[in-house]
*Asks:* 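I am attaching a structure below and will ask some questions about it afterwards.
Order of appearance sets the numbers: ligands from 1, and atoms from 1 within every ligand. Values in this document were obtained by computation on a predicted structure and should not be read as measured data. Counting begins at 1 with the first residue of the sequence.
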Amino acid sequence: MKSYLPLLALLGVATAQTQYTSTASAAVAAARATALTLSPTSSVAGTKFDRFVQIWLENTDYSKAIANADLAYLASRGISLTNYFAITHPSQPNYVAAVGASTNGITDDGFRRIGSSVKTIVDLLEAKGVSWSIYQEDMPYSGFEADWKNSAGSTDYVRKHNPLMSYDSVTSDLNRLAKCKNLTMFNKDLAANKLPQWMFITPNMTNDGHDSSISVAGKWARNFLTPLLTNSNFNTARTLVHLTFDEGSTTGTNQIYSVLLGGAVPSSKVGTTNNTRYNHYSLTKTVELNWGLGNLGQNDVSAAAFF
Ligand SMILES: *[C@@H]1O[C@H](CO)[C@@H](O)[C@H](O)[C@H]1NC(C)=O
Ligand SMILES: *[C@@H]1O[C@H](CO)[C@@H](O)[C@H](O)[C@H]1NC(C)=O
Ligand SMILES: *[C@H]1O[C@@H](CO)[C@H](O)[C@@H](O)[C@@H]1NC(C)=O
């Protein structure tokens with residue numbers, strides 16, 4: 001089959017990495033009607049937690065985020081990591097680094113593809129049977145690979161804020177695209193008690209603060225998390241939530257807000273701070289140690305884990 005791919009491309013038949021890029025309304029409607037969606041679950045015990053939920057907001061320095069009343073409130077409900085740094089600027093390489101422990105040479109927000117031999121955390125999770133999903137608010141259907149605007153013409157979903165979408169090892173696999181879903185699917189999976197063990201959530205361009213303000217992002221985060229923290233389909237004694245930002249402002253030190261929440265935070269540590277130096281590479285490292293996954297041989301090897 002592989003040898004026919006160049007021929008298919010010549011004939012105008014899209015390959016997996018580009019088949020879901022059209023934003024024409026008929027193409028989107030057709031894909032929405034047929035695209036595969038999967039909601040895998042599993043119960044692989046970790047050493048510190050059995051579920052890891054990552055939520056990313058946008059473009060705010062630590063000092064500004066922690067001064068926001070809603071984000072300060074959330075920090076008081078967990079452990080505030082007061083010495084946490086993004087990797088670089090702009091957005092996209094930070095998201096890419098969160099799942100691949102490397103920026104993989106990406107230095108901009110453009111439509112980029114990372115070769116299919118490059119692995120991410122989902123290769124390691126799948127090898128140990130740990131279920132995963134990505135939830136991106138306002139993605140029009142599972143596996144969509146482009147950017148999306150709402151009916152009023154405002155951008156709501158962007159590929160550059162989806163950590164897995166630049167990796168051909170994900171986009172060439174329909175079963176992996178089927179786990180890159182929208183927030184409608186999050187709410188369905190939540191209601192059906194079918195949330196996975198590893199997930200990454202990106203709110204839309206308004207709610208994450210990108211096209212709005214820190215007060216909108218802080219309010220969204222508090223309103224989103226408050227009911228979830230008392231919902232046993234989401235938060236158990238073994239759930240760890242990490243709320244952070246992709247990067248700081250381009251003029252700052254790239255220190256960002258970073259808070260651990262959920263039942264896996266020991267009650268003795270609720271409301272405390274931790275000044276260990278962490279960065280986005282700590283995300284893969286923490287997950288690898290927790291489930292005994294091995295590593296990606298990238299910056300995860302030397303990164304500091306949260307526990
Ligand atoms: C979310 O994705 C599902 C599955 O592809 C799709 O049926 C649904 O229309 C999408 N929701 C929105 C609001 O775009
Ligand atoms: C983002 O989502 C909210 C609902 O959570 C919605 O009110 C808002 O219009 C969306 N923003 C865009 C740009 O679509
Ligand atoms: C942060 O502090 C370091 C150093 O004291 C500990 O080793 C970590 O376990 C701690 N991490 C958390 C999440 O509290």
Side-chain angles (χ1 to χ4, degrees), residues 20 23 25 27-39 46-49 52 55 57-58 75 77-84 133-158 161-162 174 177-190 192 194 201-213 216-217 219-225 227 240-244 258-279 282-283 285-287 289-290 303-307:
Y20 285 145
T23 54
S25 49
V28 169
R32 185 182 269 145
T34 54
L36 183 66
T37 295
L38 294 172
S39 299
T47 55
K48 300 285 184 189
F49 49 87
F52 188 51
I55 305 170
L57 305 173
E58 275 282 313
R77 307 306 304 147
I79 304 172
S80 182
L81 304 176
T82 50
N83 200 9
Y84 187 107
S133 285
I134 294 262
Y135 296 103
Q136 303 276 317
E137 186 169 26
D138 291 332
M139 195 183 197
Y141 59 87
S142 304
F144 176 72
E145 296 178 32
D147 297 339
W148 189 242
K149 291 179 166 57
N150 67 16
S151 51
S154 305
T155 300
D156 47 18
Y157 165 74
V158 284
H161 294 171
N162 183 328
L174 287 177
L177 281 179
K179 289 175 261 188
C180 298
K181 300 174 276 186
N182 56 33
L183 221 49
T184 314
M185 287 306 307
F186 172 84
N187 288 318
K188 277 193 181 163
D189 291 347
L190 174 72
K194 292 193 79 176
I201 299 173
T202 307
N204 73 23
M205 293 283 272
T206 308
N207 291 332
D208 70 7
H210 186 282
D211 292 347
S212 55
S213 63
V216 170
K219 198 164 283 163
W220 178 86
R222 182 172 178 170
N223 287 343
F224 181 69
L225 277 167
L240 185 67
V241 179
H242 181 236
L243 174 66
T244 191
S258 168
V259 167
L260 294 172
L261 294 154
V265 172
S267 51
S268 62
K269 287 196 173 176
V270 169
T272 65
T273 59
N274 182 313
N275 202 41
T276 309
R277 190 167 175 119
Y278 295 116
N279 63 25
S282 302
L283 300 170
K285 178 71 165 210
T286 299
V287 168
L289 286 186
N290 184 61
F306 292 154
F307 297 104

*Asks:* I'd like to know if the side chain of K194 reaches the main chain of K188, judged simply by a donor and an acceptor atom lying under 3.5 Å from each other, with no hydrogens or angles considered.
*Replies:* no

*Asks:* Which atoms of ligand 2 sit under 4.0 Å from any heavy atom of N207?
*Replies:*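 So the atoms of ligand 2 that pass are 1 (C), 2 (O), 3 (C), 4 (C), 5 (O).
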
*Asks:* Taking both backbone and side-chain atoms of R32, is any N or O found less than 3.5 Å from an N or O belonging to ligand 1?
*Replies:*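 Such a contact does occur with ligand 1.
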
*Asks:* Please tell me if atom 9 (O) of ligand 2 is touched by the protein, where touching means a protein heavy-atom distance below 4.0 Å.
*Replies:*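 It does not; no protein heavy atom is within 4.0 Å.
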
*Asks:* So, do Y84 and H242 have ring centers that fall under 6.0 Å from each other?
*Replies:*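 That pair passes the under 6.0 Å test.
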
*Asks:* Would you mind listing which atoms of ligand 3 come within a distance below 4.0 Å of any non-hydrogen atom of F307?
*Replies:*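 Within the 4.0 Å cut-off of F307, ligand 3 contributes 13 (C).
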
*Asks:* Report the distance from atom OG1 of T286 to atom NZ of K48, rounding to the nearest 0.5 Å.
*Replies:*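 NZ of K48 is found 11.0 Å from OG1 of T286.
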
*Asks:* What atoms of ligand 2 come closer than 4.0 angstrom to any heavy atom of N150?
*Replies:* 12 (C), 13 (C), 14 (O)

*Asks:* Using side-chain heavy atoms (C-beta onward) and a distance below 4.5 Å, is L243 in contact with L57?
*Replies:*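 A side-chain contact exists here, since the closest heavy-atom pair is under 4.5 Å.
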
*Asks:* Check P140 against ligand 1 and report side chain, backbone, both or neither, counting heavy atoms closer than 4.0 Å.
*Replies:* backbone

*Asks:* Could you tell me which atoms of ligand 2, counted from 1 in the order shown, lie closer than 4.0 angstrom to a heavy atom of T155?
*Replies:* 13 (C)

*Asks:* Between I79, N290, L260, V287, which is the residue that forms a side chain to side chain contact (heavy atoms under 4.5 Å, CB included) with F306?
*Replies:*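 Only match with F306 under side chain to side chain contact (heavy atoms under 4.5 Å, CB included): L260.
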
*Asks:* Let me see the working for F307 and T47 under side chain to side chain contact (heavy atoms under 4.5 Å, CB included), right down to the final yes or no.
*Replies:* CA-CA 10 Å; F307 297 104; T47 55; over 6 Å; no

*Asks:* Between L174 and L177, does the side chain to side chain contact (heavy atoms under 4.5 Å, CB included) criterion hold? Intermediate values first, please.
*Replies:* CA-CA 5 Å; L174 287 177; L177 281 179; 4.1 Å; yes

*Asks:* For the side chain of S154 and the backbone of N150, is there at least one donor-acceptor N/O pair under 3.5 Å apart?
*Replies:* no

*Asks:* If you measure every N or O of D156 against every N or O of ligand 2, does any of those distances drop under 3.5 Å?
*Replies:* yes

*Asks:* Quick one: which ligand 1 atoms are inside 4.0 Å of a heavy atom on Y141?
*Replies:* 2 (O), 5 (O)

*Asks:* Show me which atoms of ligand 1 lie under 4.0 Å from any heavy atom of N182.
*Replies:*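 Listed by number with element, the hits are 1 (C), 2 (O), 3 (C), 8 (C), 10 (C), 11 (N), 12 (C), 14 (O).
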
*Asks:* How far is atom 1 (C) of ligand 3 from its nearest protein heavy atom, and which residue and atom name does that atom have?
*Replies:*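 Here the nearest protein heavy atom works out to N274 ND2, 1.5 Å.
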
*Asks:* Who's the nearest protein heavy-atom neighbour of atom 3 (C) of ligand 3, and how far?
*Replies:* T276 OG1, 3.3 Å

*Asks:* Step by step, work out the side chain to side chain contact (heavy atoms under 4.5 Å, CB included) result for M205 and H161.
*Replies:* CA-CA 9 Å; M205 293 283 272; H161 294 171; 3.5 Å; yes

*Asks:* Quick check against the 3.5 Å criterion: does E137 have a side-chain atom that pairs as donor or acceptor with the backbone of N204?
*Replies:* yes

*Asks:* N/O to N/O below 3.5 Å, does that happen between F306 and ligand 3?
*Replies:*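 N/O-N/O distance below 3.5 Å exists for this pair.
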
*Asks:* Need the ligand 1 atom indices (1-based, order shown) with element for anything under 4.0 Å from a heavy-atom of T37.
*Replies:* 4 (C), 5 (O)

*Asks:* Can a side-chain donor-acceptor contact be found between T82 and N275 if the only test is distance below 3.5 angstrom?
*Replies:*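 Yes.
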
*Asks:* Near I79, which atoms of ligand 3 are under 4.0 Å from a heavy atom of that residue?
*Replies:* 13 (C), 14 (O)

*Asks:* Classify the contact between M205 and ligand 2 as side chain, backbone, both or neither, using a heavy-atom distance cut-off of under 4.0 Å.
*Replies:* neither

*Asks:* Tell me: protein heavy atom nearest atom 5 (O) of ligand 1, and distance?
*Replies:* S142 N, 3.1 Å

*Asks:* Determine whether any heavy atom of M139 lies closer than 4.0 Å to an atom of ligand 1.
*Replies:* yes

*Asks:* Is the F224 ring parallel, tilted or perpendicular to the W220 ring (thresholds 30°, 60°)?
*Replies:*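 Taking W220 first and then F224, their aromatic rings lie parallel (interplane angle under 30°).
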
*Asks:* Going by atom types alone, do Y135 and D189 pair a side-chain donor with an acceptor below 3.5 Å?
*Replies:* yes

*Asks:* At what distance, to the nearest 0.5 angstrom, does CG of D208 lie from CD1 of I55?
*Replies:* 12.0 Å

*Asks:* From the options T206, D211, N204, N223, select the one whose nearest heavy atom is closest to atom 6 (C) of ligand 2.
*Replies:* N204

*Asks:* Less than 4.0 Å from atom 14 (O) of ligand 3, is there any heavy atom belonging to the protein?
*Replies:* yes

*Asks:* Of all the non-hydrogen atoms in the protein, which one sits nearest to atom 13 (C) of ligand 1, and at what distance?
*Replies:* T184 OG1, 3.5 Å

*Asks:* When you look at L183 and I201, which way does the side chain to side chain contact (heavy atoms under 4.5 Å, CB included) test go after all the steps?
*Replies:* CA-CA 8 Å; L183 221 49; I201 299 173; 4.0 Å; yes

*Asks:* Report, in ascending order of atom number, the atoms of ligand 3 lying under 4.0 Å from any heavy atom of L260.
*Replies:* 13 (C)

*Asks:* Yes or no, since that's all I need: does a protein heavy atom fall within a distance strictly under 4.0 Å of atom 5 (O) of ligand 3?
*Replies:*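 No, because not a single protein heavy atom sits under 4.0 Å from atom 5 (O) of ligand 3.
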
*Asks:* Need the ligand 3 atom indices (1-based, order shown) with element for anything under 4.0 Å from a heavy-atom of K269.
*Replies:*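 Listed by number with element, the hits are 12 (C), 14 (O).
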
*Asks:* Going by the order shown, which atoms of ligand 2 are within less than 4.0 Å of some heavy atom of E137?
*Replies:*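 Result: 2 (O), 4 (C), 5 (O).
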
